[in-house]
Trainee: 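Handing you a structure now.
Quick note: numbers below take in every heavy atom, side chains included, and nothing from hydrogens, waters or symmetry partners.
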Amino acid sequence: MSGTDTRADADGTTAEVDTLEILLIEDNPGDARLIQEMLRGTEELAQRVSSDESAGRTPEITRENRLEDGLETLEGSPIDVVLLDLNLPDSEGLQTLETVHDESGATPIVVLTGVRDQQVGVQAIQRGAQDFLVKDEVTSELLVRTIHHAIERARQERERRRQREQLEALNRLNRIGHDITHAVITTETRADLEQQVCDRLAESDAYRFAWIGGVNPGSDRVVPKAAAGIEEGYLDAVDVSVAEDDATGQGPAGTAIRTGSVQVMSDIQSDPEFEPWREEAIERGYRSSAAVPIVHEDLVYGVLNVYSESPRAFEGPETTILARIGDVIAHAITAIERKDALVSDAVIELEFRVEELARPLIRLSSEEECTIAFEQLIHGDETLLAYGSAHEVDQDAFQEAVDETDGFGDVRFLAVRRDAFEFELVAPAAVSLFETIATHGGRVQSATIDDGEFRFVVELPRGRDTRQMIELIKEQRDDVTYLAQRTRERGDRNDSGSSSVLEDDLTEKQRAALETAYFAGYFDWPRESTGEEISERLGIAPATFNQHLRTAERKFFDSVLGEQ
C-alpha cells in the first residue's frame with residue numbers, strides 16, 4: 001500500500017525507503033499547515049507504526065483542498081490513512097465522510113472537526129471513521145497516536161474480516177464436499193456423477209462456473225465432459241492442453257493433471273500463467289480459479305476446474321478440501337468403472353498404425369493387393385508366435401517378404417486353400433511391444449496388413465487409463481500413430497465359465513501351451529503341427545509342453561463339464 005522515497009546515506013549514496021502515505025483533505029490553509037508541521041520530520045509515527053510491513057517508513061503527506069481532488073488521489077495512489085475535514089467547498093457534513101468511505105474501501109479515515117462539532121465526530125465513528133480529532137485541541141503527540149491507532153484498528157479489522165471470510169469459505173466447501181459424497185453414493189454412471197459435481201459447485205454463490213475435463217486419448221487436449229454455471233461459450237472459446245512445452249498447457253488445468261496437485265490462480269488479471277485465457281475469463285467475470293486433479297492410483301480421470309468472481313477465493317486450507325473432493329470423485333469413478341466391468345462385457349479398443357515394422361510385408365500388401373491378418377499372438381519364453389492367414393497372395397512371395405523382414409523369423413504354412421493359407425510366424429521384433437501392452441493390462445486383439453498399412457488393435461478393460469497406454473506404446477516405438485478409440489461388446493457371457501478359466505485359472509505357460517496347440521493345428525486331423533514342433537517354437541522341452549497342455553486341458557474341461 002505504501003509508496004517509496006529516497007534517502008541520502010552518510011557516504012552520499014541514496015537508498016529506497018518505504019513511506020507512510022497520508023492523504024490530508026483540508027481546505028483551510030492554516031489548519032492544513034499546522035497538521036503538516038506536526039507530522040513533518042517526526043520519527044515517532046514511524047516507530048509506532050512498526051509492524052514488519054511498515055518498519056522504517058516515514059510520513060509522506062499529500063494535501064487536497066476539494067473532495068473531488070481527494071477522491072482522485074485515493075483512486076490513483078496507495079494511501080495508508082486519510083485525514084478528512086468534513087466541510088469542504090464541494091461537500092459538507094457527514095455526507096463527505098460517507099462519500100470518502102465508499103471510495104476508500106478499507107483505508108482508515110480520521111475526521112477533523114471544530115470545537116463545536118464533537119457530536120458530529122462521534123457520529124462519524126458510528127458511520128465508519130476510525131477516530132476524530134478536534135482541530136483546536138490537536139497536539140503532535142495526539143495526532144501521531146491517533147493515526148497509529150487508526151491504522152492498527154483498520155489492520156485488525158481486515159484480519160478479522162479475512163479470517164471470517166476464510167471460515168465461511170471452509171464451511172461452504174465442507175458442505176459441498178458432503179453433498180458430493182452423497183451424490184457418489186446415489187449416482188449410477190460416471191457422466192451423472194461429473195454433472196452433479198459441477199451443478200453442486202455452481203449452486204453456491206461463491207463460485208461462478210465449474211467444469212470437468214478429461215484428456216482426449218491420442219492428443220494433449222483437455223476436452224470438457226461436464227459443466228455448470230455461467231459459461232457463456234467459454235469452453236468453446238478456449239483451448240486447454242497438458243503439453244508442457246505449449247502455452248496452453250502451462251495453466252492450472254494442464255499443470256494439475258501433470259503434477260497431481262491442486263493449482264490455484266489467485267488473480268486471473270495478473271497471474272502470468274493464465275495469459276492465454278485471460279481475456280475470455282475476465283469477460284465472463286472470473287477473477288480466480290482452482291484446478292483439482294481427479295486421479296486414483298495410476299488412473300488419471302481428468303481435472304475439476306472452479307472459478308470465482310472474487311480474487312484470492314481459493315487459499316490456505318481450502319486447497320486441502322478441494323484436493324479431498326478430487327480424491328472422492330476419483331474413487332467414485334473407479335468404483336463405477338469396476339462395477340460396469342463386472343456386469344458388462346464391454347471393452348475399450350485402441351487402434352494404431354505402425355510404419356516401420358515389417359516394411360517388406362507392408363509393401364507386399366500394396367503391390368499384390370493382398371491382406372495379411374494376425375489373429376492370435378502368443379508370448380513364449382523368448383519369442384512371440386503369430387498365427388494368422390494371408391489372402392490373395394502366393395506362398396513364395398509371402399515367404400520371400402518374411403525373409404526380408406528384420407525381426408521376423410521362421411514361417412510355417414499350416415493350412416493351404418485355393419486363395420488363402422494359414423501360417424505360423426516367429427516375430428521376436430514385437431516381443432518388447434507385446435510385453436509393454438500386456439504388463440499394463442492390455443492385449444493385442446488383432447493386427448492386419450492391408451493396402452499398404454500395418455494396423456493393430458489393443459484391447460483394454462473398461463476403466464483403464466487409455467491415454468497412459470497410448471503414451472507407453474508411443475514410447476516403445478516412435479513410428480506408431482494412434483488412430484481411434486471405440487467401445488465394443490465382447491458378446492454374451494459363457495455361462496459354463498470357459499472364458500474365466502482361460503483368464504483366471506491357467507498359468508501363463510499353461511495358457512501359452514493350450515493356445516499355441518490350438519492355433520498351430522495340433523487338435524486338427526490330420527495334425528498341422530506335432531508336439532515336438534510346438535515345444536520347439538515355445539522354447540521348452542516336449543515333456544514340459546505335454547505337461548502344460550494336459551494340465552490346461554484338465555482345467556478347461558473341469559470348468560465345462562465338472563458341474564454337468
Side-chain angles (χ1 to χ4, degrees), residues 190 214-220 295-302 330 333-334 336-358 373-381 383-388 407 425 427-449 453-491 493 499-512 514-516 519:
R190 175 178 175 178
V215 182
N216 194 29
S219 76
D220 292 322
V295 180
H296 177 68
E297 295 180 350
D298 62 340
L299 299 178
V300 180
Y301 291 119
I333 293 174
T334 300
I336 290 171
E337 296 283 6
R338 286 176 178 171
K339 184 182 71 174
D340 288 347
L342 290 174
V343 300
S344 171
D345 266 344
V347 294
I348 303 296
E349 290 185 344
L350 304 175
E351 186 173 7
F352 300 86
R353 181 177 61 243
V354 59
E355 303 289 345
E356 299 301 327
L357 185 64
F374 300 92
E375 284 111 16
Q376 188 69 21
L377 300 174
I378 300 174
H379 188 205
D381 284 352
T383 189
L384 187 69
L385 297 178
Y387 291 93
L425 182 65
V431 169
S432 179
L433 178 61
F434 181 92
E435 287 180 340
T436 297
I437 294 170
T439 300
H440 291 83
R443 73 179 189 92
V444 178
Q445 193 267 337
S446 65
T448 305
I449 301 176
E453 284 192 342
F454 190 166
R455 298 191 177 200
F456 64 94
V457 175
V458 174
E459 184 181 281
L460 284 172
R462 285 186 63 178
R464 297 300 300 174
D465 189 342
T466 56
R467 184 170 179 271
Q468 182 190 47
M469 178 61 76
I470 293 168
E471 290 178 348
L472 287 168
I473 292 174
K474 286 184 174 181
E475 288 173 5
Q476 187 66 227
R477 293 193 63 94
D478 57 12
D479 61 334
V480 166
T481 302
Y482 166 76
L483 300 177
Q485 174 178 319
R486 50 187 172 264
T487 302
R488 178 180 65 84
E489 293 290 338
R490 285 189 292 196
R493 284 189 179 272
S499 59
S500 64
V501 72
L502 289 174
E503 296 173 0
D504 302 330
D505 294 348
L506 300 185
T507 66
E508 288 186 14
K509 292 183 178 180
Q510 290 166 2
R511 179 168 179 167
L514 184 61
E515 289 183 338
T516 305
F519 288 102

Trainee: May I ask you to test the I348-T487 pair for a side-chain heavy-atom distance under 4.5 Å?
Mentor: yes

Trainee: Does any non-hydrogen side-chain atom of I473 lie less than 4.5 Å from one of T436?
Mentor: no

Trainee: Nearest heavy-atom pair of G407 and P428: which atoms, and what distance?
Mentor: O-CD, 3.1 Å

Trainee: How many angstroms lie between CZ in R455 and OG1 in T481, if you round to the nearest 0.5 Å?
Mentor: 10.0 Å

Trainee: Distance from T466 atom OG1 to E471 atom CD, nearest 0.5 Å?
Mentor: 10.0 Å

Trainee: Say you draw a straight line from NE2 of H296 to CD1 of I333; how long is it, rounded to the nearest 0.5 Å?
Mentor: 11.0 Å

Trainee: Please determine whether a side-chain nitrogen of the Lys or Arg among R486 and E351 lies less than 4.0 Å from a carboxylate oxygen of the Asp or Glu.
Mentor: yes

Trainee: Return the minimal non-hydrogen interatomic distance between F454 and A447, and the atom names on each side.
Mentor: CE2-CB, 3.8 Å

Trainee: Apply side chain to side chain contact (heavy atoms under 4.5 Å, CB included) to V354 and F352, showing your working.
Mentor: CA-CA 7 Å; V354 59; F352 300 86; over 6 Å; no

Trainee: Working to the nearest 0.5 Å, report the span between CD of Q445 and CD of E375.
Mentor: 10.5 Å

Trainee: Within the structure provided, determine whether L357 and F456 are in side-chain contact (heavy-atom separation under 4.5 Å).
Mentor: no

Trainee: Kindly compute the distance separating CZ (R443) from CG (L460), expressed to the nearest 0.5 Å.
Mentor: 10.5 Å

Trainee: Any chance you could measure F434, atom CZ, to L384, atom CG, to the nearest 0.5 Å?
Mentor: 5.5 Å

Trainee: Take L425 and F374 through the side chain to side chain contact (heavy atoms under 4.5 Å, CB included) test and state the conclusion after the steps.
Mentor: CA-CA 9 Å; L425 182 65; F374 300 92; 3.9 Å; yes

Trainee: State, yes or no, whether a side-chain contact exists between R467 and D220 at a heavy-atom distance under 4.5 Å.
Mentor: yes

Trainee: Please name the pair of heavy atoms, one in L483 and one in R353, separated by the smallest distance, quoted to 0.1 Å.
Mentor: CD2-NH1, 3.4 Å

